[in-house]
Amino acid sequence: MITGAASGLGLADAKLLVAEGALVIMTDIDIANGEARAKEFGATFIQQDVSDEASWSELMKVIKRKFGRLDGLVNNAGIAPIANIEDLDTETWRKVLSIHLDGTFFGCQAAIKLMKENGGGSIVNMSSTAALVGIGPYLAYSAAKGGIRSMTKSIAIHCRQNKLNIRCNSVHPGSINTPMVHHALKTLMGKDIMAQEDPEQTRLELGIGEPDDVAYMVAYLISDEAKHINGTEMVIDNGDTVI
Ligand SMILES: NC(=O)c1ccc[n+]([C@@H]2O[C@H](COP(=O)([O-])OP(=O)(O)OC[C@H]3O[C@@H](n4cnc5c(N)ncnc54)[C@H](O)[C@@H]3O)[C@@H](O)[C@H]2O)c1
């Protein structure tokens, strides 16, 4: 199951996992795109707002009834409003935390309950390099992604100590070519990547990765090939945070 899968990174994860032979459930608040994309490559779409706690128990019931088990969850849904410490309002702060932190918490809790019934599973939580370095214009987003990073480690160690055979890892992309980053480039740099004569060349010049760069990592972490990888943070930024 992948949340926020109607667009960007979640969509790329869904496509790749279907190609790898997984039965994929995509969820999103965006019904039109979610349904259309899922139909294109043979996934199942279910409408969900990840910050709605009740939606999680409903979804787990549907998954159990339709598929019998849940092997993997990617907590990917997110928003990234641009606001720094001086101009962020409380409503936006709470909204960001509710989607990223509440959503990931609800998702992990619900998935672990079901995964325990089928003897194990793998959870991937979408964090960001914003959890590792300071990013001025993304105050709430950075706080949420930092929370996801440490929540992931606490879940991983709990599952290991209780022999649940459930792994939990976080993924930390830098800038990746999705609508979220297009909006950021436009707002912060006045650069409309999609309006460029050669968007691919512009992407390369700006050092922006592709959604598949993240999807391959997600597919690996979900798979049994990553059976010894737990509680770790996978950075996908072509060295941005090393410099
Ligand atoms: N693109 C990047 O460079 C980048 C870098 C680091 C981390 N991320 C993270 O990756 C994830 C995906 O981002 P993206 O770039 O693909 O963005 P995107 O805007 O293309 O996709 C986000 C999706 O989440 C959905 N969504 C928003 N609120 C939701 C909610 N309450 N419930 C369910 N779905 C909801 C949106 O409808 C959208 O389909 C986010 O968590 C983002 O923070 C992205």
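Just so you know, these numbers use all the heavy atoms, side chains as well, and skip hydrogens, waters and symmetry mates. Whatever order the structure lists them in is the order used to number ligands and atoms, beginning at 1.
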Nearest non-hydrogen partners of A38 and F45, listed with the distance: CB-CB, 3.8 Å
Sub-3.5 Å N/O-N/O distance, I176 and ligand 1: yes
Identify all side-chain donor-acceptor contacts of residues 107-115 below 3.5 Å with residues at least two apart in sequence or on another chain.
none

Closest to atom 37 (O) of ligand 1 (judged by heavy-atom distance), picking from D28, V50, D30: D28
Main-chain N/O of Q48 paired with S55 side-chain donor or acceptor, under 3.5 Å: no
Residues H182 and N177: side-chain donor-acceptor under 3.5 angstrom: yes
Residue and atom name of the nearest protein heavy atom (relative to atom 28 (N) of ligand 1), distance in Å to one decimal: I29 CD1, 3.7 Å
Check: N76 side chain, I2 main-chain N or O, donor-acceptor pair, under 3.5 Å: no
Value rounded to 0.5 Å, distance of CE in M126 from CD1 in I148: 9.5 Å
Backbone N/O of L88 and side chain of T92: donor-acceptor pair under 3.5 Å: no
Option of least heavy-atom distance to atom 31 (N) of ligand 1 (set: D49, T3, L11): D49
Flag if over 12 foreign heavy atoms under 6.0 Å of CG, D198: yes
Atoms of ligand 1 close to H100 [distance to a heavy atom under 4.0 angstrom, numbered from 1]: 41 (O), 43 (O)
Spacing of CD1 belonging to I229 relative to CG belonging to N169, to within rounding of 0.5 Å: 7.0 Å
Reported OG-to-CZ distance for the pair S51 and R94, which is rounded to 0.5 angstrom: 14.0 Å
Proximity winner for atom 7 (C) of ligand 1, if only heavy atoms of A130, G78, G4, S127 are counted: S127
Ligand-side contact atoms (ligand 1) for residue partner V181, heavy atom cut-off under 4.0 Å: 1 (N), 2 (C), 3 (O)
Protein residue, atom and distance nearest to atom 43 (O) of ligand 1, heavy-atom basis: Y141 OH, 2.6 Å
Check ion pair K15-E40 (N to O, under 4.0 angstrom): no
Nearest neighbour in protein (non-hydrogen) for atom 4 (C) of ligand 1: G174 O, 3.9 Å
Close-contact set for ligand 1 against G8 heavy atoms, below 4.0 Å: 16 (O), 20 (O)
From the candidates P179, P173, A5, the one that places a heavy atom nearest atom 6 (C) of ligand 1: P173
Any K145 heavy atom less than 4.0 Å from ligand 1: yes
Minimum-distance protein heavy atom relative to atom 13 (O) of ligand 1: M180 CE, 3.7 Å
Closest approach of any protein heavy atom to atom 15 (O) of ligand 1, naming residue and atom: T178 OG1, 2.5 Å
Identity and separation of the nearest protein heavy atom to atom 33 (C) of ligand 1: Q48 O, 3.2 Å
Heavy-atom gap S175 to ligand 1 smaller than 4.0 Å: yes
Nearest-neighbour protein heavy atom for atom 18 (P) of ligand 1, which is reported as residue plus atom name and distance: S7 OG, 3.6 Å
Which of the ligand 1 atoms, numbered from 1, are nearer than 4.0 Å to a heavy atom of A77: 24 (O), 33 (C), 34 (N), 35 (C), 41 (O)
Ligand-side contact atoms (ligand 1) for residue partner N76, heavy atom cut-off under 4.0 Å: 10 (O), 11 (C), 12 (C), 40 (C), 41 (O)
Shortest protein heavy-atom distance from atom 16 (O) of ligand 1, along with the residue and atom involved: L9 N, 2.8 Å
T152-N125 side chain donor-acceptor pair, cut-off 3.5 Å: yes
